[in-house]
Each structure stands twice: as C-alpha cells, then as structure tokens.
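It should be emphasised that the depicted structure is a prediction, and the values quoted were computed from it without experimental measurement.
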Amino acid sequence: MSGNKFLLVILLSVFFSEDAFSQFIMPDTIPDQDIEEVVVVAKLPELEIKADKMTYHLEASVVRKQGSLYEVLETLPGIVVNKDGTIYMNGKSGVNVLIDGKSTYLSGQELVNLLKSTPASTADKIDLITHPSARYDASGNSGLIDIHTKKIKLQGLNLSVNGGISQGIRSKGNGSISLNRRNGKFNFYLTYSLYQGNDQHDLEINRLYSEELTGLSSELKLYQDSYSESPYVSHYYRTGVDFYLSPRTTIGVSTNGNLFHGENEGDMNSSFSLCPQNVPDSTAHTLNLNDRHRRNFSGGITLTHRFDSTGKVLDASFDYLNVHSDEDQFIYNSFRNLSNQTERQDSLRGDIKGNIHLYAGQINLKLPFENDWILNLGAKSSYVSIDNDALYANREQDTWIGDDNFTQGFSYKENINAAYVEGNARFGQLSVQAGLRLEHTRYKGRQTSASCDSSFSAHSIDLFPTVLMEYPLGKGKVSLFYGKRINRPNYGDLNPSAYIFDNYTYERGNTLLKPEKTDNIEVSYAFKDLFKAGFLFSYTSKAIVKSYIVEENKRVFITPLNLTRAISLGPRVNTGVLSLASFWNLNANAAFIYNRYQWSEELSNKVNEDCTWIAGLNNQFSFGKGWSAELSGSYNGKMAAGQATLSPVWQVNCGIQKKVLKDKATVGLFARDIFHSYRYNMELAVPGQRAFTKERYDNTLVGISFSWRFSKGYETKDSGRKSDIDQSKRINL
C-alpha cells in the first residue's frame, strides 16, 4: 500500500462514520450472509510459558505486530539478531528459524532478506523452543524459533489489509493484503506484501597491528570510517488451497516466495599511523557499489488423515525450494600519501551467482494408547544441490583482466536421511517424554579455481536422544530436560569463494569445517502460569565461530573455524502475565549466562569467557473504549562470542493504538529503539592484531500503522492439519 493510500484510509476512518467507511472499502458487491454461529474469543495473553517453550502472541502486543518479522525478533526478550543473520537466544548462537513447523532452509543474509520481507501482520504467534523433541530435526544447538502464520477458520470470504510507514533517518513502508475464501470442501488463501525502505549503516574500525607482524618499532594503527546506504524493495507472496476429502482427510498445496532487489553504495576512508603519535602517514578511499537480486521459491503438498476419534493421525509432506542469487559488485580504491597526492588507483569488479535446489519429504504417525500413552514415529529424507560462481576482474588501463586469486567455483551436494521414535507416558504423577532420532548424512563438494581443483566428501551416522520429565511439586511442576543437538555448517560457511568488503577485509568459507555437537541440560520449576525458573548447562564440541586471521599484507581474512569447545551455563527466570491493576499487565524475564570458548592458537590454549546479564520487561495498558498501549525494554549484556566479545545492547519500545470501525480496524502509533541504543560494538584480539568496531544502524523509528479486517461467514472446526518438515538447511549464498 502506498503512503498516500495509507494516509487516505486513516483520514477516512477518522472523519467519516464507520458505516460510510465500510461502504468505501467494501461496497455491497457481496450478498449478505446470515451468521450461523457467534464465537466469543477470550483475550489472548501476550505470553504463555510451558516446559519446553515460550509462546508470544503478536496480536496481543501493540508494538510487536508492526513492521517486519525481522523487527519483531529484535524485540523478543533474550533474542539478539545481528545484521549478518546470526541469531543469539539466551546468550547462545546456533538458532534455527522455522515457519509453521517448516524450516526456512535459510541462514545469513538470505534469512535476513526473508524476515525483512515478511510483514509481522501475517504471523499469529512465535514459539521460542528451548527443548525441541525428537520429532524436530536435530539441528540448532541452542533452540528453535517457530513463527506461526495466521490461520482463518471462517467459512465464506475473509479479507484483511495492513499497512505502515515509519521514519528514522530514512523512511520505510510496508503494506500487505490477505484473502481467504472457504466454501464447502475448499479453502483458498492468498497473501501478498510489499516492503520498501533504505537502510543506513555507519561503521568505525580501529585495528592495531603488532610489531611482530609489521616489523616496525611500534604498533601500526589502521582507522577506518565507513558510511553506506542500502535502498531495497521486497515482494513476498504466499498462496495455497486445502481440499477436505472427508472430515478426516485433508490435502493441501501451497507455494510462497520472495523477490528481493537491493543496492548498496558505501564509502570507506582508511588511514595508517604509528602509535603513539597517531598521525596519519597515508590514506585510502574505497567506493563499494553492489546490486543484489534474490529470488526464493518454495512449494509443497501435504496430506493429513485422522484414522478415528482416539487421535491416531498420519501426516506426510513433500517440499521443494529454489534459491537464486545474482550480485554485481564494483570496488574502487585510491591511495594518497602524506602530501595528499594520489599514488595509486585500482578497480575490482565481481559477478557472483548462486543457485540452490532442495527437496525434502517426511511422514509422521501418531499412535495413542490407554492411560494417556502416546507413540510418535516418523522418517524424513532431504537432498540439496548447490552451484556457486564468483568471477572477479581487475581493471588495467581500459581492460578488465580476470583475477585468479579470487575467482572460484563451488558445487555441493548433500543428502540427510532421518528416522525417529518418541513416546509420551505417565507413571503415577510423573510424566515422561523420551525420544531418539537417527540421522545419516552424506555430502560431497568441489572447489574449482585457476590454482586448484579439489573435492571433499564425508558421511556420518548420529544418534540424538531427548528426555523431558515433569513431576508436580506443590502448586507447580519441577522438570528435567536433556537433549543432544547438532549444528551443521551453513552452505555459505563451506563455500570457499571470497567476498571482498574493501582492500583490507574479505571473507570466505571453509571446506574443512566439521559439525558442532551440543549436550543441553536444564532443571526448572514452574509455578502455575505465573513464573518459571531454571538452571541450564550446555557443552559444545568443535564450536563453529567466525574467526579473524591477519595476513602479511595487513588484510583481515574472515573465515569460520572449529574451536575446541564451548560451555554455557546459568540461571534464567520468566514470568507469565502478571496483573498489577485492572488496566495494567506485566511480564518479565531475566538470565545470567556464563559463556566460555576455548581454542588452540600458536601452540597454546586460548580462552574467551564472560558473564552476560539478559533482561526484558513488557508493560501492557488497557484504557477502555478501544484504547491500549505498550511500553517494553530489553537488555543483553557483554557477551563472549568465540574470539570476539560483543558489547551490551539494549532498547526501549512503545506504542499506542485505537480500535475503530466497530472494532474491525486498528490505528496505531509506535516508536522503536527510542534512545538509539541498539548498536553493535565488538572487541577482537587475534595473533597480530587487536580490533575494535562500532556499528550504528537506522533502528530508531517512529511510525503509524493501520489494519482492517472484513469477514462474511461463520466459524468451523479446525481440520487439525499440521506440517512439520523441520530439516534445517543452512542456505547462505
């Protein structure tokens, strides 16, 4: 929805009567239907706490239903989202993102693009799953984030329109329309959204090179100051149809996709100086231009059959995913001496293309028995094929000459076959959920360049047990969880093709990476729905982190490496929705997590460790006559992340909304990151270099939103259709 149309809708809702506005939006082209049933829906709590997860209902929040899913995740307590797509949950990385129980199959920048392209208005709730069962794929060592889209159960026609504009340093806008038509045995749905904006990025880097690396009498300082703007436009669509063959059998076909186009224009100024004089003796200027196109498409078919009324259910599904990326890059460098005279100029261009095809099929069977015993069985197979080419060339006079140092090709194929068994049983007051998942992984890859043509392959068989036990204690329950997880390298981390940021920084994957494996244990106590307190411990072998290597030419080479081990432990507390007054509800969370990373470096053991405070507070206010407001804040303290240490980040958000048009529409005002405090700062100490970075994004926004719903129909029973293809693919071209 354009900004002008959006403002027109708001003006009409304010200055005209509700009936007149309804006639303007939806004239009497649809015959009136009798409402056969009236359903009274209780007010949803903003947060639900269970033994294995926490559920946030977006419709119950004023702020979290605005903008994109990316912006929603940034506001969830205990969640930190970096711009490169790395997600931390409760102080740990290795999080997988699902949508409706299905993996997004994306990571890194591809995941960021998808989350930014999907409006928050399409989501119903978000589960933060800290204790995944054996039914889920074993990937994701710190947990899962499952985003559930809205499901409309009304017979007849249902239409919803959402839009919003926000203003920071640059403006952003989004609009979406969702249509659902359910008639007899068919249910058709369609969603389209447009997200458009301009990201701003400020970056400062201070690098101190040691005397041993440079051969100089003192440390050499490189100071870099960068500014970039990235306009983008993204189209997201989702469509499908459900066919109810019988009251017990449903077939569904669905497709969704994302078309993304983004540009980046960045300038970086670099200056060298000797310490402690700190007087620049040479400078460099880098112009970096990028033109990116991304196209994601996925489609699938599902079958759900209920055998009888006892709960015996069979569901099966097959999914296909294609991701295509195309990026043109141009880098221009100019170097000046102390007299500000240009000594050298060079230009580099890159043509980076990638294509991924993925196929996944799964079948699940649920068998209930007497005494509330349940047996779940399932199997799954997935196959992925990747091709990536990075072509670089240097400009020499008026001719472009291929750069053999960076030009590379990469192909990769992977097959994972899995089977699981899981049982739910009750022994007196003790309830037990125990499962075992087996995964067989085979992969092979090939790297081609002017200097080498190498291949690699491997296969493994792994078992992943999970156990969750609950026992009543007083008015609450005490629980014990154990689970083994794996975090496989994403495909971008395996891809050895280089990506050049500037003349002193580039990144490439590592074909020698091994999966990291984690053992998670947590003991917790939940008192009714009021609070849950627990103590967690996790041990990770071969932890995968981004590492920084300084080469002799002072260029920093970023690549993922396996560290020796990582340990995370500490207490955490979450409250449910606490009613402090008739108009005021509150929920809070807090954690104190100790992270310790260990690795070998120059024939000695290195350690990076820190204790991280994590806290969140959300206040909701209801004033009557359709008015409501929200004030929330979150804090994530200093955190060890492999070789790097991340500085604290915090933010405060607020919003107010008013229901209009007989409660069918809502107008809202919101503000995110009010104090412009959500910044990314990092400290780094590696052989030959110490570095300090400061990043600032255009996170502080003030916006206005509008949503409207139209329904002609009556409530029906849920078909019970679910889809749980959970294989976590790590796509990051």
(message) Rounded at 0.5 Å granularity, tell me how far CD1 in Ile147 sits from OH in Tyr56.
(response) 14.0 Å
(request) For Tyr678, enumerate each residue passing the ring pair (Phe, Tyr, Trp, His ring centres under 6.0 Å) test, keeping only those at least two apart in sequence or located in another chain. (result) Tyr680
(request) Indicate whether any N or O donor in one side chain lies under 3.5 Å from an N or O acceptor in the other, for Gln196 and Tyr232. (result) no
(request) Could you tell me which non-hydrogen atom of Gly655 sits nearest to which non-hydrogen atom of Val63, and how far apart they are? (result) N-CG2, 3.7 Å
(message) Counting neighbours of CZ on Arg709 that are heavy atoms of other residues, nucleotides or ligands and sit closer than 6.0 Å, is the number greater than 12?
(response) no
(message) Any heavy-atom pair between the side chains of Tyr195 and Val233 that's under 4.5 Å?
(response) no
(request) Under the salt bridge (charged side-chain N to carboxylate O under 4.0 Å, His left out) rule, what do Lys172 and Asp199 come out as? Steps first, then yes or no, please. (result) CA-CA 9 Å; Lys172 300 179 182 179; Asp199 286 335; 3.3 Å; yes
(request) Quick one: closest heavy-atom pair of Lys694 and Asn681, and the distance? (result) CA-OD1, 3.2 Å
(message) Going by the rule side-chain hydrogen bond (donor to acceptor under 3.5 Å, both in side chains), which residues pair with Ser61 if we only count those two or more places apart in sequence or in a different chain?
(response) Glu630
(request) For residues Leu144 and Ser139, report the shortest heavy-atom separation together with the two atoms involved. (result) CD2-O, 3.8 Å
(request) Mind checking side-chain contact (heavy atoms from CB on, under 4.5 Å) for Ala590 and listing every partner two or more places apart, or none if nothing turns up? (result) none
(request) Would you check if the side chain of Thr149 reaches a backbone N or O of Ala123 as a donor-acceptor pair within less than 3.5 Å? (result) no
(request) Could you pull out all residues at least two apart from His293 that satisfy ring pair (Phe, Tyr, Trp, His ring centres under 6.0 Å)? (result) His261
(request) Output all residues satisfying side-chain contact (heavy atoms from CB on, under 4.5 Å) with Tyr192, sequence neighbours left out; order by chain, then residue number. (result) Ile177, Leu194, His235
(message) For Lys658, is the NZ atom crowded, meaning more than 12 foreign heavy atoms sit under 6.0 Å from it?
(response) yes
(request) For Glu327 and Asn290, test the side chains for any donor-to-acceptor distance below 3.5 angstrom and give the result as yes or no. (result) yes
(message) For Glu507, is there an ion pair with Lys546 - N to carboxylate O distance below 4.0 angstrom?
(response) yes
(request) Mind listing the closest non-hydrogen atom pair of Leu701 and Arg170 along with its distance? (result) CD2-O, 4.4 Å
(message) When you compare the side chains of Asp124 and His57, does any donor N or O come within less than 3.5 Å of an acceptor on the partner?
(response) no
(message) Using a 3.5 Å distance criterion without hydrogens, assess whether the side chain of Asn608 forms a donor-acceptor pair with backbone atoms of Ala640.
(response) no
(request) Using the test ring pair (Phe, Tyr, Trp, His ring centres under 6.0 Å), find all partners of His285 that sit at least two apart in sequence or belong to another chain. (result) none
(request) For the pair Arg696 and Glu204, evaluate salt bridge (charged side-chain N to carboxylate O under 4.0 Å, His left out) and give the outcome as yes or no after the intermediate values. (result) CA-CA 9 Å; Arg696 296 177 296 276; Glu204 292 182 32; 3.4 Å; yes
(request) Evaluate the salt bridge (charged side-chain N to carboxylate O under 4.0 Å, His left out) criterion for residues Lys53 and Asp127: first the C-alpha distance (whole Å), next the side-chain angles of each, then the deciding distance (0.1 Å), finally the verdict. (result) CA-CA 6 Å; Lys53 64 184 178 182; Asp127 290 332; 3.7 Å; yes
(message) Test your reading of the model: is there a side-chain donor-acceptor pair from Asn180 to the backbone of Asn158, 3.5 Å cut-off?
(response) no
(message) If I compare all heavy atoms of Ala629 with all of Phe623, which pair ends up nearest, and what's the gap?
(response) CB-CE1, 3.8 Å
(request) Output, in order, the C-alpha distance, side-chain angles, deciding distance and verdict of side-chain contact (heavy atoms from CB on, under 4.5 Å) for Asp100 and Leu98. (result) CA-CA 6 Å; Asp100 289 331; Leu98 315 177; over 6 Å; no
(request) Measure the acute angle between the ring planes of Tyr499 and Phe501, then classify it against the limits of 30° and 60° as parallel, tilted or perpendicular. (result) perpendicular
(request) Kindly write out the residues that satisfy ring pair (Phe, Tyr, Trp, His ring centres under 6.0 Å) with Phe592, not counting sequence neighbours, or none if the list is empty. (result) Trp613
(request) Establish, from distance only, whether the side-chain atoms of Tyr227 and Gln200 form a donor-acceptor pair under 3.5 Å. (result) yes
(message) Determine whether a donor-acceptor pair (N or O, by modelled atom type, separation under 3.5 Å) exists between the side chain of Lys664 and the backbone of Ser711.
(response) no
(message) If we ignore hydrogens and angles and just use 3.5 Å, is the side chain of Asn653 paired with the main-chain N or O of Asp673 as donor and acceptor?
(response) yes
(request) Mind telling me whether Trp650 and Phe675 have parallel, tilted or perpendicular rings, with 30° and 60° as the class edges? (result) tilted
(message) For Ser270 and Gln224: C-alpha separation, side-chain torsions, deciding distance, then whether side-chain hydrogen bond (donor to acceptor under 3.5 Å, both in side chains) applies.
(response) CA-CA 4 Å; Ser270 307; Gln224 295 180 291; 3.1 Å; yes
(request) Take Phe531 and Asn574 through the side-chain contact (heavy atoms from CB on, under 4.5 Å) test and state the conclusion after the steps. (result) CA-CA 5 Å; Phe531 77 88; Asn574 297 277; over 6 Å; no
(message) We want to know whether Gln657 and Ser628 form a side-chain donor-acceptor pair, criterion being a heavy-atom distance below 3.5 angstrom.
(response) yes
(message) My understanding is that only residues two or more places apart in sequence, or in another chain, count here; which of them pass side-chain hydrogen bond (donor to acceptor under 3.5 Å, both in side chains) with Ser234?
(response) Ser117, Asn258
(message) Strictly by salt bridge (charged side-chain N to carboxylate O under 4.0 Å, His left out), give each pair with a member in residues 569-595 just once, sequence neighbours left out.
(response) Glu522-Arg572
(message) Check whether Asn589 reaches the backbone of Gly616 with its side chain - one donor and one acceptor, N or O, closer than 3.5 Å.
(response) yes
(request) Check the side chains of Thr191 and Ser178 for a donor-acceptor pair under 3.5 angstrom, ignoring hydrogens and angles. (result) yes
(request) State the CG-CG distance between Leu578 and Leu586, to the nearest 0.5 angstrom. (result) 6.0 Å
(message) Is it the case that the side chain of Arg294 and the backbone of Leu259 share a donor-acceptor pair, with hydrogens and angles ignored and the cut-off at 3.5 Å?
(response) no
(request) Dump the intermediate steps for side-chain hydrogen bond (donor to acceptor under 3.5 Å, both in side chains) on Arg207 and Thr505, then the final yes or no. (result) CA-CA 12 Å; Arg207 300 178 178 176; Thr505 311; 2.5 Å; yes
(message) Run the side-chain contact (heavy atoms from CB on, under 4.5 Å) test on Phe710 and Val161 for me, step by step, so that the C-alpha distance in whole Å, both residues' side-chain angles and the decisive distance to 0.1 Å come before the verdict.
(response) CA-CA 9 Å; Phe710 170 84; Val161 178; over 6 Å; no
(request) Give a yes or no on whether the backbone of Val702 and the side-chain of Ser166 come within a donor-acceptor separation of less than 3.5 Å. (result) no
(message) Tell me every residue that passes side-chain hydrogen bond (donor to acceptor under 3.5 Å, both in side chains) with Asn269, counting only those two or more places apart in sequence or in another chain.
(response) none
(message) Arg295: which residues meet the side-chain hydrogen bond (donor to acceptor under 3.5 Å, both in side chains) condition with it, sequence neighbours left out?
(response) none
(message) Whether the side chain of Glu263 engages the backbone of Glu229 through a donor-acceptor N/O pair (distance < 3.5 Å, no angle test) should be reported.
(response) no
Could you list the donor-acceptor pairs under 3.5 angstrom formed by side chains in residues 631-639, with sequence neighbours left out?
none

(request) Examine distances only and state if a side-chain atom of Ser579 and a backbone atom of Ala581 form a donor-acceptor pair shorter than 3.5 Å. (result) yes
(message) Looking only at the side chains, is there a donor atom on one of Thr575 and Asn587 sitting less than 3.5 Å from an acceptor on the other?
(response) no
(message) If you compare all heavy atoms of Ala120 against all heavy atoms of Val72, which two are closest, and at what distance to 0.1 Å?
(response) CB-CG2, 3.5 Å
